[in-house]
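Inspection log for the structure reproduced underneath, given as structure tokens.
The residues of the chain are indexed from 1 along the displayed sequence. Computed from a prediction, not measured in an experiment: that's the story for all the values here.
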Amino acid sequence: MASTDCRVWWIDPKDAPGWWEELLSEPERARADSFHQPAARRRFTVATALLKLAVATSAGGDPFDVELRRRCPDCRRPHGRPEVAGGTPHVSISHSGDRVGVALCADGPVGVDVEQVTPDVDVESMLRFVLGEAERAAFGGIRGERARLEAFLRCWTRKESVLKATGDGLRVPMTDVTLGGPHERARLIGFTGRPELVGTAQIADLRPGAGYVGAVTVLSPRPVRVWELDGADAFVTAARPADG
């Protein structure tokens with residue numbers, strides 16, 4: 001069976017060139033201005049610009065012509081998951097710390113998630129909200145604070161990538177999603193009320209860089225081949241004329 005290609009671009013926001021904001025539309029600039037923290041504002045703007053570059057690269061077009069739409073399914077305001085006008089490719093973005101990730105797949109819905117491995121995550125108090133009973137039992141065999149933190153975030157990124165791909169986001173409890181163990185190959189075992197997803201949610205662990213964990217999910221009956229790319233190179237390739 002032929003595989004489905006999924007491409008994921010990574011970038012540190014500080015590596016984006018000064019002209020990246022030119023790629024944002026007026027509504028996107030307004031959305032960026034709504035963030036009170038400069039770091040959050042920069043992550044949003046860089047993620048939006050990189051997404052447009054990635055879409056243009058995949059289609060052989062101009063990133064300034066790429067139109068993104070966002071609409072929250074609950075309040076209908078323009079702050080939901082991004083979609084490319086026209087419907088394809090399917091896209092997803094995530095950011096944490098100094099890592100921004102953008103994922104594209106032409107063949108099926110995609111969800112990407114990245115999390116920074118930081119000691120301030122209260123793993124023990126969050127377990128019951130993230131892992132089901134059987135998953136918690138298996139998790140109990142992991143020893144050591146650092147090992148438990150990394151295993152927990154591995155489970156988190158895998159589950160959030162699934163929920164992003166389905167479009168549910170965190171409106172669906174993570175305990176509705178059942179996975180194999182954090183040290184096993186990423187795979188979906190169960191999804192409450194949606195058994196058909198077990199055969200179509202293809203999950204892959206990612207390599208966002210030291211101190212981070214990540215995962216991507218593509219909804220496709222075919223196996224997924226993931227390509228991880230340098231987002232900074234995308235900006236270099238699309239350098240504005242004024243940049244030389």
Could you see if [X] belongs to whatever hydrophobic cluster contains [Y]? Use Ile, Leu, Val, Met, Phe, Trp, Tyr and a side-chain cutoff under 4.5 Å.
| X | Y | value |
| --- | --- | --- |
| Phe139 | Ile189 | no |
| Leu170 | Leu153 | yes |
| Trp156 | Ile203 | yes |
| Leu188 | Val213 | yes |
| Phe44 | Val102 | no |

Search all heavy atoms of [X] against all heavy atoms of [Y] and return the closest pair with its distance.
| X | Y | value |
| --- | --- | --- |
| Trp20 | Pro17 | CE3-O, 2.7 Å |
| Arg143 | Ala147 | O-CB, 3.4 Å |
| Pro208 | Gly214 | CG-N, 3.6 Å |
| Pro182 | Cys155 | CB-SG, 3.8 Å |
| Ala232 | Ile11 | N-CD1, 3.7 Å |
| Arg43 | Gly97 | NH1-O, 3.1 Å |

Using atom types as modelled and distance alone, determine if a side-chain donor or acceptor of [X] lies under 3.5 Å from a backbone N or O of [Y].
| X | Y | answer |
| --- | --- | --- |
| Thr217 | Ala165 | no |
| Thr88 | His90 | no |
| Arg69 | Pro82 | no |
| Arg41 | Phe35 | yes |
| Arg187 | Val198 | no |

Take a 6.0 Å sphere around [atom1] of [X] and say whether it holds more than 12 heavy atoms from other residues, nucleotides or ligands.
| X | atom1 | value |
| --- | --- | --- |
| Glu145 | CD | no |
| Arg207 | CZ | no |
| Glu133 | CD | no |

### Query
Looking at CG of Asp12 and CZ of Arg42, how far apart are the two atoms once the value is rounded to the nearest 0.5 Å?
8.5 Å
### Query
Can you tell me how far CG of Leu53 sits from CG of Asp62, rounded to the nearest 0.5 angstrom?
9.5 Å
### Message
Run Asp205 and Arg158 through side-chain contact (heavy atoms from CB on, under 4.5 Å) and show every step you take.
### Response
CA-CA 7 Å; Asp205 292 327; Arg158 289 175 176 178; 2.7 Å; yes
Check [Y] with [X], please: is the shortest side-chain N to carboxylate O separation under 4.0 Å?
| X | Y | value |
| --- | --- | --- |
| Glu26 | Arg29 | yes |
| Glu150 | Arg154 | no |
| Glu135 | Lys159 | yes |

### Summary
By side-chain contact (heavy atoms from CB on, under 4.5 Å), Glu28 pairs with (sequence neighbours left out) Leu24, Ser25, Thr48, Lys52, Leu68, Arg70
### Residues Thr175, Leu131; criterion side-chain contact (heavy atoms from CB on, under 4.5 Å); working and verdict
CA-CA 5 Å; Thr175 51; Leu131 304 184; 5.9 Å; no
### Task
Could you go through the side-chain contact (heavy atoms from CB on, under 4.5 Å) check for Phe191 and Thr178 one step at a time?
CA-CA 6 Å; Phe191 194 119; Thr178 304; over 6 Å; no
#### Entry: Sequence-distant partners of Asp168, salt bridge (Lys or Arg N to Asp or Glu O under 4.0 Å), two or more places apart
Arg194
### Task
Could you please spell out the steps behind the side-chain contact (heavy atoms from CB on, under 4.5 Å) verdict for Glu124 and Arg148?
CA-CA 9 Å; Glu124 306 311 320; Arg148 288 176 67 80; 2.9 Å; yes
### Summary
Excluding Val224, membership of its hydrophobic cluster (Ile, Leu, Val, Met, Phe, Trp, Tyr; side-chain heavy atoms within less than 4.5 Å) reads Val8, Trp10, Val110, Val112, Val114, Leu206, Tyr212, Val216, Val218, Val226
